Each structure stands twice: as structure tokens, then as C-alpha cells.
Amino acid sequence: MTAAPGAPVPIGEAARRAGVSARMVRHYESLGLLPQVGRTDSGYRQYTEADVHALRFIGRARGLGFSMEEIRELMGLWQNQARASSQVKRIAQAHIDDLAERIAAMQAMQRTLQSLVQCCHGDQRPECPILDDLASTPIATKK
């Protein structure tokens, strides 16, 4: 049973409409990404269309890999009609730069593993360059 258009809905319906889980709705609330929602006399949360729209925004931002802190900042900008789009672009560009770094690191890992797999005979012998490499001196990691 769904509520009439514009009527507040319970958490399960809000989650369904937004394409997220009820658990994630509660998580976003606990992080303060959603304002406190109204409750029925019996204590059940009731979500408005604006809440559902905000949940969709958060879900889409999460799908694009933005961090919760970036989403918090983007939500603030989204809700601020006096914002400058340059602020939004700065956040998105920083995220693109971070993604590019992570992709490059993963591609380097892939190349290393491909090389190791090519060197491994994959037969009954115990010698294995993959395990030898894993057991070698660790590479300094970025902190």
C-alpha cells in the first residue's frame, strides 16, 4: 500500500522511492545528512517528498563515489540558492583527481599481477613467482 502523492511515507517506502535501503536511510540520518524527520504518534518516522529527493541525491552522490563529507558539502551547496557553481565544480574536480589517482594505482597493480601470472608456470612444481613476489620486501605505502 503506497501513500497518496505528497503525503508523508514510512521509512521503507521512502527507501524504496529513493532507491536505497532503510538501513542506509537511518545511517544518513545518523550522520546528519537528513534533517530530523517527523514521527507519528507511535514513533514511526515519516518522510516527505523533499526527504525522498534528498535521499536520491545522497544515493546518486554515493554511486559516483563521493565521500560522506563531500556529500555533506554538496548537500549544503544544493540547498543554498546563493551558492557559486565554482564551489560545486571544485569538489567534483577534486573527486575526479582522486579517482584518477586510484585508477592509476589499480592499473599499476593489474600490470604487476599480469606480469607475475605470465611468469608463473601454473603447473605441479612448487616454484611460484607470484608467491615469491608477495613474500619479498614490502613496498613503501602511501600514508
Side-chain angles (χ1 to χ4, degrees), residues 1-123 127-143:
M1 182 164 137
T2 59
V9 295
I11 191 168
E13 179 64 15
R16 185 192 67 72
R17 289 182 184 182
V20 298
S21 69
R23 180 174 169 228
M24 291 311 298
V25 172
R26 287 188 288 275
H27 179 63
Y28 298 150
E29 282 182 34
S30 73
L31 295 174
L33 293 175
L34 283 180
Q36 289 290 330
V37 297
R39 291 187 180 255
T40 64
D41 291 339
S42 53
Y44 290 103
R45 293 174 173 96
Q46 293 289 290
Y47 296 84
T48 65
E49 273 305 310
D51 296 325
V52 172
H53 194 65
L55 287 168
R56 282 190 202 112
F57 181 99
I58 295 166
R60 176 72 173 135
R62 286 296 299 150
L64 290 172
F66 284 102
S67 70
M68 290 299 180
E69 190 51 45
E70 290 167 328
I71 293 171
R72 181 183 317 286
E73 196 172 350
L74 289 168
M75 294 247 341
L77 291 168
W78 179 49
Q79 295 164 346
N80 176 3
Q81 295 301 310
R83 71 183 171 266
S85 64
S86 61
Q87 296 172 289
V88 179
K89 185 174 182 176
R90 176 188 50 79
I91 296 166
Q93 186 61 58
H95 186 58
I96 289 169
D97 296 345
D98 180 57
L99 288 171
E101 279 184 34
R102 291 177 14 207
I103 289 168
M106 292 181 79
Q107 287 173 331
M109 286 186 258
Q110 182 183 31
R111 286 190 300 275
T112 299
L113 285 170
Q114 284 173 333
S115 175
L116 290 170
V117 165
Q118 288 174 354
C119 293
C120 182
H121 294 287
D123 56 19
E127 295 83 18
C128 180
I130 300 169
L131 293 177
D132 292 343
D133 184 80
L134 292 174
S136 68
T137 306
I139 299 171
T141 57
K142 182 178 169 183
K143 288 191 179 188

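In what follows, residues are counted from 1 in the order of the sequence shown. What you see below is based on every heavy atom in this structure, not just the backbone, and it leaves out hydrogens, waters and symmetry mates. These numbers were taken from a predicted model, which means no experiment stands behind them.
Nearest heavy-atom pair across Gly59 and Val20 is CA-CG1, 4.2 Å. Nearest heavy-atom pair, Cys120 versus Cys128, reported as atom, atom and distance to 0.1 Å: SG-SG, 3.8 Å. Considering all non-hydrogen atoms of both residues, Arg56 and Arg17 come closest at NE-O, 3.2 Å. Of all heavy-atom pairs between Leu34 and Tyr47, the closest is CD1-CE2, 4.4 Å. Counting all heavy atoms, side chain and backbone alike, Ala15 lies closest to Ala22 at CB-N, 3.6 Å. What you find for Ala14 and Val9 is that their closest heavy atoms are N-CG2, 3.8 Å.
The 12-atom threshold is exceeded at CD of Glu127, counting heavy atoms of other residues, nucleotides or ligands nearer than 6.0 Å.
Under 4.0 Å is where a charged nitrogen must lie from a carboxylate oxygen, and between Glu29 and Arg26 no such pair does.
The line from OG of Ser115 to CD of Gln118 is 6.5 Å long, rounded to the nearest 0.5 Å. Rounded to the nearest 0.5 angstrom, Leu74 CG and Gln79 CD are separated by 11.0 Å. Glu13 CD to Arg16 CZ: the interatomic distance, rounded to the nearest 0.5 Å, is 4.0 Å. Considering NE2 of His27 and CZ of Arg23, their distance stands at 8.5 Å, rounded to 0.5 Å.
The side-chain heavy atoms of Tyr28 and Met75, taken from C-beta on, include no pair separated by under 4.5 Å. Between Ile91 and Leu77, some side-chain heavy-atom pair lies under the 4.5 Å cut-off. Put simply, the side chain of Met24 does not reach to within 4.5 Å of the side chain of Leu55, judged on heavy atoms. Side-chain contact between His53 and Trp78 is present, with heavy atoms from C-beta onward closer than 4.5 Å.
In this structure, Arg62 contributes its side chain and Ile71 its backbone to no donor-acceptor pair below 3.5 Å. His95 places no side-chain N or O within 3.5 Å of a backbone atom of Glu70 that could act as its donor or acceptor partner. Thr112 places a side-chain N or O within donor-acceptor distance of the main-chain N or O of Ala108, the cut-off being under 3.5 Å.
Gln46 pairs in a side chain to side chain contact (heavy atoms under 4.5 Å, CB included) with only one of the listed residues (Asp51, Thr40, Val37, Ile11), which is Thr40.
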